[in-house]
**Student:** 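This is the structure I want to talk about, given as structure tokens.
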Amino acid sequence: MGNQNRQDSLERSTWQLIVFRFSKNRLAMLGVIVLGLMILAILLAPLYMPYDEMIRQNVFNKLHPPSAQHPLGTDELGRDLLARVMYGGRISLFGGIATITIAFVAGCMIGGIAGYFGGKVDTVLMRIIDMLMAIPPVLMAMAILTALGNGLFNLIISLAISQIPRFARVVRSSVLTLRGLEYVDAARCYGCSSFKIILRHILPNGIGPIVVAATLTLGQIILSISSMGFLGLGVAPPTPEWGTIISENKLNLRYCPYLGIAPGICICLVVMAVNFIGDGLRDAFDPKTKN
Amino acid sequence: MTIPLVETVGLNKFFKTPGGMLHAVENINLKIPARKTLGVVGESGCGKSTLGRAILRLTPVTSGEVLFEGKNILHYSRDDMKHMYRNMQMIFQDPYSALDPRMTLYNLISEPIRELYGDSLCQTEMDERVHLIMELCGLPRSYANSYPHELDGGRRQRVGLARAMVIEPKFVVCDEPVSALDVSVQAQILNLLMDLQEQRGLSYMFITHDLCVVRHISDDIMVMYMGQAVECARKEELFRHPLHPYTKALLSAIPSTNLSRRNRIRYMPKGEVSSPINPAPGCRFAPRCPYVSKKCKAEYQLKEVDTGHYVACHMYD
């Protein structure tokens, strides 16, 4: 029984150690707090901000500077900017994170398989990736979205596909360097399947650059969602979304800069927070980090 | 005659290269009896590591057979092979890349048990086995939660040893396990290997380029040159009566601290190792051999010239 307990604490301590190292990282914790607050604010928006507020137009009240009634002011159609930013966050933030997650998982799988097995599998998969890479991501997302039909879900899928090549490339290159190491041979020597080796020994050791790439791409994805919206694909007005809010107000930005600053700061904060979290995760998973 | 624990029959491993076939391992027939150590020596690139990897099926074999207790394991399915790995393990050369840097010592050493025996062992038994093997390998119990980067090279190699030994295999391929360590640590690891052999009745295939090491640990020695076995004999016999010109050259290259041996005759082969890609038939060593004759162009096989002493050279026909 004593052994059982000791072993439990042993198994747990690996994870505890990771959590501990992560919690010691001030920037990462700042990222968690910022992102958590934003998610909370966005999720709880219906409680303090009726949905009508966001689409109700009031032309007499247009381009109103920030006031007690409209904390962030109003846009050219007199809609409350705070409401639009909060409801827009649902699409920008969750859509962006969903896109990155899909691209990340798919890219890891394709790159991992190509890098680990090499040979013909690698050639076939990488030529497909090259073909995808030859097309500009936005153009490709547009093509896929046109084929699939408009809608938020399809938008996420199409943007994810357009981002897969970048992840697959990064993952493949780190797998290539890791698969020649002797601990991979050792794992095969005690009968680990290829799938297990990739999952347990290769990906955890190559995850650093991939996580950084993923967090950096998030900002770009949020902007891509809005540029697609600008082109009339994906999210259509009057549904707000951070990028769209900026682009629909760009004519008035010179006189009413607050219209661009609020959604801009939101994008900035999310990207920065996710970046810090990504860095923190990478360090926390690396046992060589001093603690 | 008893069946040797491990045996290879006409084992070939060729690599396809743009220039043609690279003959890494060619027609190797070796026998390793239970509880014995076969030392495999040769210079870098002569195919000794590839041979070790081929026997463990870490690299696919071109042709030939690998017999474990008389059964050819090359046709084994993945599941059968998984069973087989309970009997055969490998110790690697580089203690820095042979251990996953993200796993604690406990997890590293217990992973083979978890993989090969699944849940048939309860946690207490597993704990006991891990701690026992750590103790045997000279690793304090308190290291169980350490990571490999916290240890020095010698201790890391002990972890590699513990990982290979924890499932109590019968046969272990040691691929230059001491060549990355400094001499004092080398001795510790070699003695540890020999102690384990005595206690557990292990067989080793010990791959090295260091003749002093092979002299210390082996029972039989096989000398390889460019993928082929050129001489094979008991250790004492080989060091006392080396027959093949390459073996003579190798042995005479061992530095000596004995002044009276200062002016001994040195057999220095001329030139460099020729290319192993599409080699010409006949003796591979012929272009460098001081005793080369016309007969060396013909194919030849290892021949028993004395009891248990095999050599592949036309001089001893």
Side-chain angles (χ1 to χ4, degrees), chain A residues 1-18 20-21 117-120 174-175 177-208 211 281-291, chain B residues 49 52-53 56-59 78-86 88-104 106-108 110-118 122-128 130-131 144-150 160 163-164 166-167 169 172-173 175:
Chain A
M1 207 47 216
N3 272 336
Q4 184 71 49
N5 286 338
R6 192 155 44 76
Q7 181 49 32
D8 277 354
S9 69
L10 231 160
E11 286 288 318
R12 222 183 302 127
S13 76
T14 316
W15 284 103
Q16 273 175 344
L17 216 64
I18 290 173
F20 177 76
R21 277 196 292 253
F117 291 102
K120 282 190 185 119
S174 49
V175 170
T177 55
L178 291 170
R179 73 152 181 196
L181 293 182
E182 286 177 338
Y183 61 77
V184 173
D185 276 338
R188 283 173 62 199
C189 243
Y190 45 77
C192 263
S193 62
S194 303
F195 183 69
K196 246 184 192 166
I197 290 178
I198 295 179
L199 223 60
R200 197 188 291 163
H201 294 289
I202 293 187
L203 283 183
N205 282 295
I207 205 89
V211 166
L281 278 180
R282 184 195 52 191
D283 290 344
F285 276 111
D286 188 353
K288 280 179 207 149
T289 317
K290 297 269 181 299
N291 49 42
Chain B
S49 289
R53 291 168 52 88
L56 285 182
R57 286 190 64 184
L58 289 178
T59 182
R78 241 192 65 80
D79 284 346
D80 290 338
M81 209 49 218
K82 202 160 175 168
H83 246 267
M84 216 52 234
Y85 281 133
R86 294 181 184 184
M88 43 209 303
Q89 280 295 313
M90 183 153 182
I91 298 170
F92 294 90
Q93 174 175 10
D94 181 3
Y96 290 89
S97 70
L99 306 175
D100 188 332
R102 276 164 205 255
M103 289 167 83
T104 59
Y106 183 92
N107 286 334
L108 278 168
S110 63
E111 196 177 20
I113 311 182
R114 268 180 277 138
E115 276 304 314
L116 295 175
Y117 289 92
C122 80
Q123 196 60 57
T124 328
E125 282 177 304
M126 178 121 106
D127 264 18
E128 261 166 33
V130 171
H131 287 131
N145 280 331
S146 313
Y147 287 93
H149 71 270
E150 296 166 342
R163 179 177 59 186
V166 73
I167 47 166
V172 177
V173 173
D175 186 4

**Student:** Is there side-chain contact between A/R188 and B/L56, with at least one heavy-atom pair below 4.5 Å?
**Tutor:** no
**Student:** Taking side chain as everything from C-beta outward and backbone as N, CA, C, O, which of these in B/R86 sits under 4.5 Å from a heavy atom of chain A? Side chain, backbone, both or neither.
**Tutor:** neither
**Student:** Of the backbone (N, CA, C, O) and the side chain (C-beta and beyond), which part of B/Q93 lies under 4.5 Å from a heavy atom of chain A, both, or neither?
**Tutor:** both
**Student:** Taking atom CG of A/L181 and atom CG of B/L99, what is their separation to the nearest 0.5 Å?
**Tutor:** 11.0 Å
**Student:** Pick one of side chain, backbone, both or neither for B/M81, based on which atoms fall under 4.5 Å of a heavy atom in chain A.
**Tutor:** neither
**Student:** Check whether the side chains of B/E111 and A/Y190 place a donor and an acceptor atom closer than 3.5 Å, and report yes or no.
**Tutor:** yes
**Student:** For chain A, find which of B/M88, B/R53, B/H83 contributes the most heavy-atom pairs closer than 4.5 angstrom.
**Tutor:** B/R53
**Student:** Going by heavy atoms in the side chains, are A/N205 and B/R102 under 4.5 Å from each other?
**Tutor:** yes
**Student:** What part of B/M103 is in contact with chain A, defined as an atom under 4.5 angstrom from a non-hydrogen atom: side chain, backbone, both or neither?
**Tutor:** side chain
**Student:** Do you know which two heavy atoms are closest between B/A98 and A/A186, and how far apart they sit?
**Tutor:** O-CB, 4.4 Å
**Student:** Rounded to the nearest 0.5 Å, what's the gap from SG on A/C192 to CD on B/E115? Could you check?
**Tutor:** 3.5 Å
**Student:** Looking only at non-hydrogen atoms, find the nearest pair between A/C189 and B/Y85 and report the distance.
**Tutor:** O-CG, 3.1 Å
**Student:** Taking every heavy-atom pair that is under 4.5 Å apart, which of B/R57, B/R163, B/M84 has the most such pairs with chain A?
**Tutor:** B/R163
**Student:** I'd like to check A/S193 versus B/R78 (side-chain heavy atoms, cut-off strictly below 4.5 Å). Are they in contact?
**Tutor:** yes
**Student:** Chain B contacts: which residues in residues 195-202 of chain A have a non-hydrogen atom closer than 4.5 Å to it?
**Tutor:** A/K196, A/R200, A/H201
**Student:** Using the rule side-chain contact (heavy atoms from CB on, under 4.5 Å), only one of B/D100, B/D94, B/L108 pairs with A/Y183; which is it?
**Tutor:** B/D100
